[in-house]
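Let me begin by presenting the structure, written as structure tokens, before commenting on it.
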Amino acid sequence: MNLILLGAPGAGKGTQAEAICKEYHIPAISTGNILREAIKNGDELGLKAKSYMDSGKLVPDEVVIGILKERLKSDDCKEGFVLDGFPRTLPQAEALDKMKINIDKVVEINVPDEVILERLSGRRVCEKCGATYHIQNKKPKVEGVCDFCKEKLVRRKDDNVETIKDRLKVFHDQTEPLKEYYLAQNKLCVVTEYGSVESSRKATLDAIRGNI
Ligand code: ADP
Ligand code: ZN
């Protein structure tokens, strides 16, 4: 099964992608994670992407399309995959179609902007394993320390209020039009449940099963 998760930054795409990954035994592919990994490793790709990412802008299409093409060639994608954070623009969606990759379903996780702002401005992430926390809603057992690997928790550079607002604008301007694109292909389902991780997970899995 080939799936796309669509949604604003902070809508919970990463968390839901993990749930889908467990349920269907398909890899979750996050272009954001691939890019952050490249930055951490000091790769050329990372150097190219860093300034865009830090300021909340999109990395150029040809760069992310190239990354995705490579990633989808891996053996673990043969039985399917779930894309988290790709496509984000119309040319990216068209690139997938040109690659003759049949997408079964596109799930949009719809969360109001004010909730996103609150979530992302309080988000903290583990530098090592990527686990995410929130300073109020999902505190680690020990402040500033990851429950799983005991590493330091940090605030992502793009998780400050100004940059979050810019990312939301980019989402509304460039990514949201993809809803129309996939609606026209009869692939879109919208999940409006964001109250808790669990309720959102249930709604997302229901949507994939075709119950919504
Ligand atoms: P979020 O969904 O919280 O914004 P991501 O980890 O998906 O986080 O993306 C972080 C940043 O990485 C984006 O703001 C953008 O700069 C870059 N990025 C990730 N995926 C794409 C993509 N498909 N197209 C362009 N830029 C991307
Ligand atoms: Zn950790």
Side-chain angles (χ1 to χ4, degrees), residues 4-18 28-40 45-72 81-96 99 106 108-111 113 115-134 138-178:
I4 291 174
L5 288 180
L6 208 61
K13 298 188 299 291
T15 310
Q16 300 313 329
E18 259 173 48
I29 300 173
S30 155
T31 37
N33 285 348
I34 296 173
L35 291 166
R36 272 186 295 276
E37 195 62 27
I39 293 178
K40 216 159 81 184
L45 168 67
L47 292 177
K48 241 190 250 173
K50 189 174 182 336
S51 62
Y52 295 102
M53 292 177 76
D54 285 351
S55 60
K57 294 200 185 75
L58 292 183
V59 174
D61 284 334
E62 64 273 18
V63 177
V64 277
I65 290 169
I67 293 175
L68 196 84
K69 269 192 184 155
E70 272 311 302
R71 180 64 186 86
L72 291 182
F81 51 79
V82 51
L83 299 182
D84 156 17
F86 187 101
R88 266 172 143 101
T89 65
L90 202 54
Q92 291 180 21
E94 287 166 351
L96 271 180
M99 284 154 74
V106 179
E108 192 225 354
I109 308 174
N110 192 304
V111 180
D113 284 9
V115 177
I116 300 275
L117 248 155
E118 198 266 335
R119 277 188 189 175
L120 292 187
S121 54
R123 177 163 78 172
R124 298 293 181 271
V125 296
C126 171
E127 269 190 312
K128 191 163 177 214
C129 74
T132 58
Y133 300 85
H134 189 280
K138 196 181 165 202
K139 293 183 184 173
K141 290 190 187 109
V142 179
E143 197 185 318
V145 181
C146 178
D147 291 351
F148 306 106
C149 62
K150 313 294 173 213
E151 277 296 316
K152 192 173 71 169
L153 300 182
V154 296
R155 186 172 186 171
R156 256 170 60 173
K157 261 215 172 104
D158 55 355
D159 279 349
N160 64 77
V161 174
E162 278 320 302
T163 312
I164 295 166
K165 285 185 179 156
D166 291 342
R167 286 156 71 200
L168 278 168
K169 183 167 177 352
V170 168
F171 170 73
H172 291 304
D173 291 349
Q174 302 197 52
T175 309
E176 233 173 5
L178 294 181

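When a ligand or atom number is given, it counts from 1 through the structure's own listing order.
- The heavy-atom pair separating Glu118 from His134 by the smallest distance is O-NE2, 3.1 Å.
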**OP:** Verify side chain to side chain contact (heavy atoms under 4.5 Å, CB included) between Lys50 and Lys157, making sure each step is shown before the conclusion.
**Re:** CA-CA 10 Å; Lys50 189 174 182 336; Lys157 261 215 172 104; 3.5 Å; yes
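- Leu178 is not listed as a side-chain neighbour of Ile4, based on a closest heavy-atom distance of 4.5 Å or more.
- Between atom CG of residue Asp84 and atom CD1 of residue Ile109 there is a gap of 8.5 Å, rounded to the nearest 0.5 Å.
- Around the Zn ion (ligand 2), protein N, O or S atoms at a distance under 2.8 Å total 4; waters are neither shown nor counted.
- Each side-chain hydrogen bond (donor to acceptor under 3.5 Å, both in side chains) pair with one or both residues in residues 158-173, not counting sequence neighbours, appears once here: Asp113-His172, Arg123-Asp159, Arg156-Asp158, Asp159-Arg167, Asn160-Thr163, Lys169-Asp173, His172-Glu176.
- To the nearest 0.5 angstrom, Ile34 atom CD1 is 9.0 Å from Leu45 atom CG.
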Could you tell me, for ligand 1, which of its N or O atoms are under 3.5 Å from any protein N or O, listing the pairs and their distances rounded to 0.1 Å?
from: ligand 1; atom 1: 2 (O); to: Lys13; atom 2: NZ; distance (Å): 3.3
from: ligand 1; atom 1: 2 (O); to: Arg88; atom 2: NH2; distance (Å): 3.2
from: ligand 1; atom 1: 3 (O); to: Arg156; atom 2: NH2; distance (Å): 3.4
from: ligand 1; atom 1: 3 (O); to: Arg167; atom 2: NH2; distance (Å): 2.8
from: ligand 1; atom 1: 4 (O); to: Arg88; atom 2: NH2; distance (Å): 3.1
from: ligand 1; atom 1: 4 (O); to: Arg167; atom 2: NH2; distance (Å): 3.1
from: ligand 1; atom 1: 6 (O); to: Arg36; atom 2: NH1; distance (Å): 2.9
from: ligand 1; atom 1: 6 (O); to: Arg36; atom 2: NH2; distance (Å): 2.8
from: ligand 1; atom 1: 7 (O); to: Arg88; atom 2: NH1; distance (Å): 3.0
from: ligand 1; atom 1: 7 (O); to: Arg88; atom 2: NH2; distance (Å): 3.4
from: ligand 1; atom 1: 8 (O); to: Arg156; atom 2: NH2; distance (Å): 3.1
from: ligand 1; atom 1: 16 (O); to: Lys57; atom 2: O; distance (Å): 2.6
from: ligand 1; atom 1: 20 (N); to: Thr31; atom 2: OG1; distance (Å): 2.8
from: ligand 1; atom 1: 20 (N); to: Gly85; atom 2: O; distance (Å): 3.4
from: ligand 1; atom 1: 20 (N); to: Arg88; atom 2: NH1; distance (Å): 3.2
from: ligand 1; atom 1: 23 (N); to: Gly85; atom 2: O; distance (Å): 2.9
from: ligand 1; atom 1: 23 (N); to: Gln92; atom 2: OE1; distance (Å): 2.9
from: ligand 1; atom 1: 24 (N); to: Gln92; atom 2: NE2; distance (Å): 2.9
from: ligand 1; atom 1: 26 (N); to: Val59; atom 2: N; distance (Å): 3.0

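- Counting heavy atoms from C-beta on, the side chains of Ile65 and Phe86 come closer than 4.5 Å.
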Taking distance alone, no hydrogens or angles, what donor-acceptor pairs closer than 3.5 Å link side-chain atoms of residues 145-154 to residues at least two apart or in another chain?
from: Asp147; atom 1: OD1; to: Lys141; atom 2: N; distance (Å): 2.8
from: Lys150; atom 1: NZ; to: Asp147; atom 2: O; distance (Å): 3.1

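- Annotation for Ser121 and Ile164: closest pair N-CD1, 3.5 Å, computed over non-hydrogen atoms.
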